[in-house]
Every structure is written in structure tokens, then in C-alpha cells.
2 protein chains.
Amino acid sequence: MVGAMVGAMEPPVDEHELMRRARALGGRTVPEVAQMLGVPLPRRPGRAKGFVGQLAERALGGACDSRVGPDFAELGVELKTLPVDGRGRVRESTFVCTAQIAGASELDWSTSRVRRKLARVLFLAIRADLPPAERRFGAAFLWSPDAAQEAQLRADWEDLMGAVAIGQVEAIDARRGEVLQLRPKGANAAARTLAFDAEGAPILSAPKGFYLRSRFTAGLWRGASLWA
Amino acid sequence: MVGAMVGAMEPPVDEHELMRRARALGGRTVPEVAQMLGVPLPRRPGRAKGFVGQLAERALGGACDSRVGPDFAELGVELKTLPVDGRGRVRESTFVCTAQIAGASELDWSTSRVRRKLARVLFLAIRADLPPAERRFGAAFLWSPDAAQEAQLRADWEDLMGAVAIGQVEAIDARRGEVLQLRPKGANAAARTLAFDAEGAPILSAPKGFYLRSRFTAGLWRGASLWA
DNA sequence: ACGGATCCATCATTGGATCCAG
DNA sequence: CTGGATCCAATGATGGATCCGT
């Protein structure tokens, strides 16, 4: 059955198929899955921070070339790996998407990228407390925000983007937002993107991304486990 | 004196210095100059279409990292290689810059990239009728458009960009324009960029670049030769 | 001859995230 | 713990132009 994963893979036809594939990854190590897919391992694991996420996407039949839309476009499902330790604790925040700093005032929650990305998410746990060669996939669960979660996300999004829209981008830091935060997202601390200050004058500011706090995804993980 | 060209080179301090360096290239072959600069030759010459131009820029002390502004920013001078044959005939049109298709209606000649690029140009002839290993640099001359030339360029630019601005981009071909033409400029015929049709609806259209007709640059070449 | 098609290198941006100092 | 910094691969643009079929 291992051979069934090798080579080009059709996209999953529905969520059940997607979940079957995700569960089939459970227990397998990262090097195992890479070999099944014929993907070379990075020379220095730990530097290739996105490798496991992209490996998972390929392993599930995702469209690795699509730069717009969800990872599984026809299902409307986003894939996110969730780094956990042996006791099931979430180790890291979860990157959602980059923030549009310039033009923030023209955006609203209902059409926001954060809302679209989080409308339907397949979380795939990965043991992040082991050495790279032993890292293995764990449980998988599908999630959509319930009313209370969406309200929290929306409140944070509107607070953060509202601040950006009135030129406060430089005053925002990662402490703001209960479940959703804005953090630097770029090649390094010198990265800059177009923004506007409180007077509306163009400035160059650090690019930012939206992240889910680990406290929040930990709650999703515990909730999902009840049904596992 | 050949050794003086090796290694990192200061930008030329003025046009005279730039011209001295350009004349010093005259008669040298492309492989010679590449070796002087320690630049490896492309494996398949003829495929690396921009190689000679970039080699020339380095040989003259240009800023190869600057993506905005003229090649010799402090002098306001653009470098263009001019492919000629043994009898001094110009073999190719000269690429000027890419055309801004979306938003064309907000542009005008006085601030256009075409006008800025052509305000001051160092043309460096290169024998293009020889095999790659024997191609050699020839005469160099500085040019700025005179009143009549600028009027021609402006008329063509306004005709072409006017057509783009009213959504006629798909109807424009390389036959239009007396001295300046619009031609495809992209990876291949499938390349597409944002444009707007006559109704103002967004469409995807082939990216275009401005080119000087060889008839025009041939005239500059002959004019310059009178003074050589 | 020349209009349309193409080629390469480099830089910038985006999407995938984890690293690490205090 | 966690806020700020960073890393890699792949894609897209841009700048340098010449190639080539009709």
C-alpha cells in the first residue's frame, strides 16, 4: 500500500478521501513519506522550515503549483501542519497568510483572506519535539470556525486591520489580538513593504503575517480529540 | 592595461570617463572582455541573449544591481548595445523598456519611462554577424534626442499608449509607430498581464515592450559616424 | 525584412513555516 | 514562553536583448 503513494497523485475527490489519505500518513516519519514520494530530503533539516508542510501537501494530492485559492481548491480546504510534542501540546503558532498593509482600509472581514483561509482547514499534527529524522505525522482533523470562534477571529482581525487602516501599523506588535496576531513575515528584519502613516503619507514598514496563537489551536486540537 | 579592467570597478565619474572606457572596448572580442572581468561565458551563446549587454555594463563600471533608474545612475546615462554587421548596418531593433498596460491612461509622455530611458543613451556597437566567439565591440557614441526626434518619439508613444488607454491593446501590432513600436515582451506567447478592454473590463493580454526600429537607430549611427 | 516568439539571469514576492534569545 | 527574526523553494516580474519563420 506504500506504493500507492508514489508518483503523481490525483486530487482527492471529497473530504472523506482527503481524510483517509491524511490518516494514512499518521505514524509515518517524514523521511519515510519523502522517500515514498521520491522527494529528496533537505540537506540541513531545520533550515528548510516549510519542507514538512509542502511534503504533506504533495502526499495528499494537493496542487503545489496553485498560488491562489485553497490548497485543495475544489474542496475549499486549506492544509496546515500543527507542530505538537509527545503530550499533545501545540509548540508553535500557525501562520495563516500575509497581511495586506497598503490598502487595508478597503478590506473587510467578510471577504478577507484570513476568513477564506480559515473557512475549512485540515490540521495535520506533526511531532516537532523529535530529531528531524524521527519526526512523524500524527492525527488529522478537519475544522471550521463555530460562531464563537469566528466572532473572536473577526474581532481581532478588525482591531488589527483597523489599526493598520488608520496608519498605526508601526505601533502594532505581536501582543495584540486574543487569538489572531500580526507578526513580522519576511526574509529578515530589513524587509520592507509599502504602508501609510497616520497622515496618509507613504512609508516603508516591515511586512506582516497573520498567525493563530498556539493557545487557540491547542483548543481546537483538544476539542477534535474528543471525537477521535 | 588589460589588467586595469579586472575586478570590481568604480562607476565612471563623468561622461568623458564613460566614453574613454567604452572606446577602450572597441576591437576587443566578447570572450576577451569576459575573461578580463572573470565572467564565465554562457555554455550556449546565442541562447543567452542578454549576455553581451550585461557584460558591457560591467565592463564600463555600471551598477548591475540597480533595478530602477539609468544604468549609470549618477550620470543619467543608459547603455544600449547596437548589433551591426561588417558594413555598419543595424541588424536589430533596440529594446527600450516594458510598457505599462494597466493604468496606461494615467501616464503621459513627459514622465514616461521611454522618455527617461532615451534622454541620454550610450550606444555601443557590436558585430552581430560573426560567430559568438568572434563577436567584438565596435564604436561607441552618446546620443540625446534632438527636437525632431523627440517629436517623433512622442507622437508614436502617444499614439500607442493612447490606443492602450482606450482598451485597444489587442488591436496594436508591431506595424504601428514610425520610429517606436510595441512588440511582445515575455517568456513566450502564453505570457499574460493585466489589461483592460474597450468596455473597461479586466482582461489578460500579452505583455509588450517598446522598441526603437532599426531604421531609426541606423540613422543615429550614421549621424554619429560623421563625427567619429 | 521584420513581426512575433523566445531565451537567460537576477531580483522580488509569496507560501510553507520554525528558530531562538531573553 | 513567545515576540521578533529568520530560512528555503517556487513563482512572477523585470531587464538584458536576439532568434527565426514567412
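Protein chains get the first letters and strands the later ones, always in sequence-line order, with residue 1 at the start of each.
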With sequence neighbours left out, what residues match [X] under salt bridge (charged side-chain N to carboxylate O under 4.0 Å, His left out)?
X: B:R91; value: B:D85
X: A:E134; value: none
X: A:E92; value: none
X: A:R183; value: none

Find the distance [X]:[atom1] to [N]:[atom2] and express it as a whole number of Å.
X: A:Q100; N: C:dT13; atom1: CD; atom2: C1'; result: 13 Å
X: A:L55; N: D:dA10; atom1: CG; atom2: P; result: 13 Å
X: A:F51; N: C:dC19; atom1: CZ; atom2: C1'; result: 18 Å
X: B:E57; N: C:dC11; atom1: CD; atom2: P; result: 12 Å
X: B:L124; N: D:dT18; atom1: CG; atom2: P; result: 11 Å
X: B:R127; N: D:dT18; atom1: CZ; atom2: C1'; result: 17 Å
X: A:R44; N: D:dA9; atom1: CZ; atom2: P; result: 10 Å
X: B:K208; N: D:dG15; atom1: NZ; atom2: P; result: 18 Å

Residue set satisfying side-chain contact (heavy atoms from CB on, under 4.5 Å) with A:L194, at least two apart, ordered chain then number -> A:A102, A:F196, A:P202

Pick the closest DNA chain D nucleotide for B:G46 and for B:T98 by heavy atoms, then say which residue is nearer the 5' end. B:T98

What's A:G50 touching, base or sugar-phosphate or nothing? Going by heavy atoms closer than 4.0 Å. base

For nucleotides 2-6 of chain D, list the nitrogen or oxygen atoms of the protein found under 3.5 Å from its nitrogen or oxygen atoms, one pair per line.
residue	atom	partner	partner atom	Å
D:dG3	OP2	A:A174	O	3.4
D:dG3	OP2	A:Q181	NE2	2.8
D:dG3	OP2	A:R213	NH1	3.1
D:dG4	OP2	A:A174	N	2.8
D:dG4	N7	A:R183	NE	2.9
D:dG4	O6	A:R183	NH2	3.0
D:dT6	OP2	A:A189	N	2.7
D:dT6	O2	A:K49	NZ	2.4

Below 4.0 angstrom, which residues in residues 129-141 of chain B have at least one non-hydrogen atom near DNA chain C? none

Residues within residues 75-84 of chain B bordering DNA chain C, heavy-atom distance below 4.0 Å: none

Residues in ring pair (Phe, Tyr, Trp, His ring centres under 6.0 Å) contact with A:F51, at least two apart in sequence or another chain: none

Report the residues that fulfil side chain to side chain donor-acceptor pair (under 3.5 Å) with B:E170, sequence neighbours left out, ordered by chain and then residue number. B:S205

For A:Q100, all residues meeting side chain to side chain donor-acceptor pair (under 3.5 Å), sequence neighbours excluded: none

Report yes if at least one side-chain N or O of B:R89 is closer than 4.0 Å to OP1 or OP2 of C:dA1; otherwise report no. no

C:dG15 phosphate, OP1 or OP2: any side-chain N/O from A:R113 under 4.0 angstrom? yes

Could you label the plane-to-plane angle of the A:F216 and A:W143 rings as parallel, tilted or perpendicular, counting under 30° as parallel and over 60° as perpendicular? perpendicular

Check the orientation of A:W221 and A:F141. Use parallel for under 30°, tilted for 30 to 60°, and perpendicular for over 60°. tilted

Qualifying salt bridge (Lys or Arg N to Asp or Glu O under 4.0 Å) pairs with a residue from residues 112-123 of chain A, counting only residues at least two apart or across chains: A:E15-A:R120, A:E78-A:K117, A:R115-A:E150

Only one of A:D71, A:L142, A:V121 passes side chain to side chain contact (heavy atoms under 4.5 Å, CB included) with A:V77, and that residue is A:L142

